[in-house]
Amino acid sequence: MPRRMLHEDVKVPVVKNMIYALKIIFKADKTYLLWNTIDFASQIIFTSFINSVLFLRVFLGIIEKNMGFEYYFKTLLIFLAAGIGYEIISVLSDYKFLVGEKRVFKALNNMIFKKAAEVDISCYEDPVFYDKYQRATEIIKNGYFSSFVSSVSTVLGNVLAFLSVVGIVVSIDPAYLIFLAPVLFVFAVELLKSRVLYKRDYKMAHNNRIKAYAQRTVFLRDFSKDMRTSGVFSVVMNRFNKAIQSNIDIIKNYGLKLFAFSMVSAILGELIPIAGTYAFAGYQFIYTDALSVAGFSVVLSSINSVRAATFNIAQSFSQFSSVALYFQNLHDFFDYESAVVSGEKQPDDFESLEFKNVYFKYPSAKNYSLQNVNLKITKGQTVAVVGVNGAGKTTFVKLLLRFYDPERGEILYNGVNIKEYDLNALRLKFATVFQDYKTFALSVNENVICRNCSEADKKTAAKALEQSGVYDKILTLPQGADTVLTREFDENGAGLSGGESQKTAVARMFAGNFDIAILDEPSSALDPIAEYKMYENLILATEEKTVIYISHRLSSAVLSDNIFVLGEGTVTESGSHDELMKKGGNYAEMFALQASSYRKKEDKADENV
């Protein structure tokens with residue numbers, strides 16, 4: 001079963017997520033965190049401790065004790081060597097950090113993309129999953145992994161600087177620890193603050209997805225014509241503005257809490273330590289002999305360094321814990337368990353396919369999309385599954401390819417339940433052209449072959465494009481079949497019409513090595529002549545293959561050996577075209593209506609001649 005999605009009231013284990021985040025980043029690149037820590041630690045220690053405190057103490061001591069120039073010069077050389085060492089470390093660690101960052105970015109993206117490709121198709125019809133996916137990708141999009149590593153490194157570096165500076169102050173007078181003690185409570189306050197920030201951003205995730213959808217649709221070609229010829233643009237913008245306003249309301253709702261936490265953190269981390277130490281140091285310097293000029297200067301400089309280190313630790317710790325909470329989203333996303341589980345059996349060459357008493361309904365639906373479906377397809381048959389829109393035809397394909405599993409009944413491949421087969425191996429037995437086909441911003445060859453193409457692949461693609469009836473069009477493109485489709489990434493790219501794009505999608509099937517061809521509304525964007533030619537080519541290309549047509553247009557059914565008529569989710573009729581026409585049932589009625597429609601179109605065309 002899928003892992004339960006997080007609710008905003010669920011307590012998220014911060015420390016566990018910190019450890020999980022470190023494991024994920026270490027898995028992506030083992031040196032990224034190390035070099036980032038070296039960079040931050042060396043920078044903070046050199047600036048906050050060596051330069052601001054130690055240098056001042058040493059040189060004020062030289063002045064007070066009236067030491068010679070030679071000692072002064074040697075000391076200066078030591079600090080200069082430390083500075084050069086720091087610069088070398090900084091340059092080297094910057095380079096290592098940048099390289100490591102790219103490696104982590106690549107590795108995390110690959111992990112997220114791989115998981116996204118593995119989850120059930122049902123997830124893409126679930127808004128809760130989309131919110132979850134949105135939050136998982138925020139780790140990459142918003143640079144949270146980089147922020148997390150920077151926060152860890154900053155915390156470690158500032159802790160070292162803090163301890164070094166405090167050591168100097170304590171060596172002057174341990175009483176200063178009283179004024180520095182409140183700093184420890186800052187971390188607890190920042191931890192509470194990070195939880196509030198997480199809840200605020202969690203509530204904003206759904207609105208952010210709506211914003212992203214609006215931003216995407218406004219710029220995508222697929223939506224451009226509808227945007228300009230209807231009032232849908234105003235509807236999309238209305239949702240966009242509502243999402244932004246909702247986020248503003250959420251920010252306002254959490255504003256007072258976050259302000260209170262920030263004020264408490266400032267009082268404990270800055271006001272008390274600075275005011276206390278300044279007052280106590282002034283008292284010691286003016287009214288007692290406990291503090292020299294050098295000591296007084298060092299204490300004041302040290303407190304500023306402590307204040308800066310404390311502020312950086314508090315801020316980094318807050319960001320550190322807050323970002324760690326976001327890794328809970330990634331953790332939860334990676335832990336998603338698919339409901340459709342692969343078997344181990346390797347499928348043999350196709351012999352038969354059977355639906356036995358199959359029932360199925362979608363997760364959020366009340367009614368069954370398919371109920372008590374029984375049918376059998378054998379090797380070499382050309383089969384049509386027909387019916388009106390909503391009859392269950394596309395659901396039939398989704399079950400066949402195991403995008404979903406039946407609630408009841410079973411689907412058999414060569415007499416064995418398809419759940420027992422290796423999922424990828426089973427799907428490779430099918431060549432499928434979907435109703436909602438897609439072309440990608442890749443070359444025509446890559447769209448057909450679906451991999452980086454060799455010269456042999458290009459010849460295969462050319463033959464497939466010729467069989468699908470689009471080859472002549474492809475030859476007119478700037479670089480032929482090497483032309484990139486769409487101009488999204490290539491100014492020399494080309495666009496295809498709906499029919500040409502569909503023929504290109506069909507060419508994928510011709511180029512494939514398959515046992516069974518499934519064509520889900522394969523001619524929806526084609527005119528009758530192009531449709532007829534495509535079916536002729538399909539018959540030649542799929543000789544001795546098994547072909548399943550899914551359509552509400554019955555031109556494919558006439559060419560089929562067997563026809564299954566779906567109505568209200570079940571098989572209402574089956575048989576050849578002639579047999580079903582003699583029965584005079586639903587199929588005969590549908591065929592007569594479509595034939596009448598074609599005759600009317602032809603008569604109208606004749607009138608216009």
Side-chain angles (χ1 to χ4, degrees), residues 353-362 365-378 381-400 409 411 432-436 498-499 502 506 517-536 538-539 542 546-607:
L353 188 68
E354 185 175 5
F355 276 58
K356 294 183 70 174
N357 307 317
V358 170
Y359 287 77
F360 175 78
K361 65 179 176 180
Y362 291 96
K366 294 181 180 179
N367 300 321
Y368 282 97
S369 297
L370 294 179
Q371 49 188 336
N372 198 30
V373 172
N374 290 276
L375 60 84
K376 188 171 184 178
I377 301 167
T378 57
Q381 279 189 320
T382 299
V383 173
V385 179
V386 303
V388 298
N389 289 333
K393 303 186 300 297
T394 299
T395 302
F396 169 82
V397 176
K398 290 179 179 179
L399 293 180
L400 194 56
I411 302 171
T432 308
V433 180
F434 292 105
Q435 179 179 352
D436 52 347
Q502 188 163 36
V506 171
I518 301 175
L519 296 105
D520 186 3
E521 303 285 4
S523 58
S524 59
L526 305 182
D527 59 67
I529 295 174
E531 179 183 45
Y532 181 77
K533 287 182 178 178
M534 188 193 75
Y535 281 134
E536 274 192 326
L538 279 171
I539 291 169
T542 57
T546 303
V547 182
I548 303 173
Y549 295 108
I550 312 294
S551 184
H552 68 279
R553 290 164 65 169
L554 303 183
S555 50
S556 59
V558 177
L559 306 172
S560 301
D561 301 318
N562 200 8
I563 302 164
F564 296 99
V565 183
L566 288 181
E568 297 183 354
T570 192
V571 178
T572 59
E573 295 177 318
S574 64
S576 68
H577 171 74
D578 291 338
E579 290 170 347
L580 292 177
M581 290 301 290
K582 288 177 183 178
K583 284 183 181 179
N586 291 338
Y587 177 83
E589 183 180 353
M590 289 168 59
F591 191 86
L593 286 171
Q594 288 192 16
S596 173
S597 176
Y598 277 121
R599 280 196 297 272
K600 287 179 181 179
K601 289 179 181 178
E602 289 173 358
D603 292 342
K604 189 174 181 180
D606 290 339
E607 291 173 3

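Between the OG1 atom of Thr546 and the CD1 atom of Ile518 there is a distance of 10.5 Å, given to the nearest 0.5 Å. Distance check, rounded to the nearest 0.5 Å: OG of Ser576 to CD1 of Ile563 gives 6.5 Å.
Remark: Asp561 engages no residue in a side-chain hydrogen bond (donor to acceptor under 3.5 Å, both in side chains) (not counting sequence neighbours). Tyr362 meets the side-chain hydrogen bond (donor to acceptor under 3.5 Å, both in side chains) test with Thr395; sequence neighbours excluded. Residues satisfying the side chain to side chain contact (heavy atoms under 4.5 Å, CB included) criterion with Glu568, sequence neighbours excluded, are absent altogether. Not counting sequence neighbours, the partners of Lys361 by the side chain to side chain contact (heavy atoms under 4.5 Å, CB included) test are Tyr368, Glu407. Residues satisfying the side chain to side chain contact (heavy atoms under 4.5 Å, CB included) criterion with Lys583, sequence neighbours excluded, are Leu580. With sequence neighbours left out, the ring-ring contact (aromatic ring centres under 6.0 Å, His included) criterion links Phe396 to Phe355.
The minimum heavy-atom distance linking Thr570 with Val373 is given by the pair CA-CG2, 4.2 Å. Minimum heavy-atom separation, Ser560 to Ala384: OG-CB, 3.4 Å. Across every non-hydrogen atom of Asn374 and Val571, the tightest pair is O-CG2, 3.9 Å. Residue Thr394 comes nearest to Ile550 through the heavy atom pair N-CG2, 4.5 Å, listed as atom of the first residue, atom of the second, then distance. When all heavy atoms of His577 and Tyr587 are compared, the pair lying nearest together is ND1-OH, 2.8 Å.
Remark: Lys376 NZ is loosely packed, at most 12 non-hydrogen atoms of other residues, nucleotides or ligands lying under 6.0 Å away.
Side chain of Asn562 to backbone of Gly575: a donor-acceptor contact under 3.5 angstrom is found. A donor-acceptor contact shorter than 3.5 Å is absent between the side chain of Lys393 and the backbone of Leu566. Of the possible polar contacts, one joining the Thr572 side chain to the Val565 backbone as a donor-acceptor pair under 3.5 Å is found.
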Walk me through it: do Tyr359 and Asn372 pass the test side chain to side chain contact (heavy atoms under 4.5 Å, CB included)? CA-CA 6 Å; Tyr359 287 77; Asn372 198 30; 3.3 Å; yes

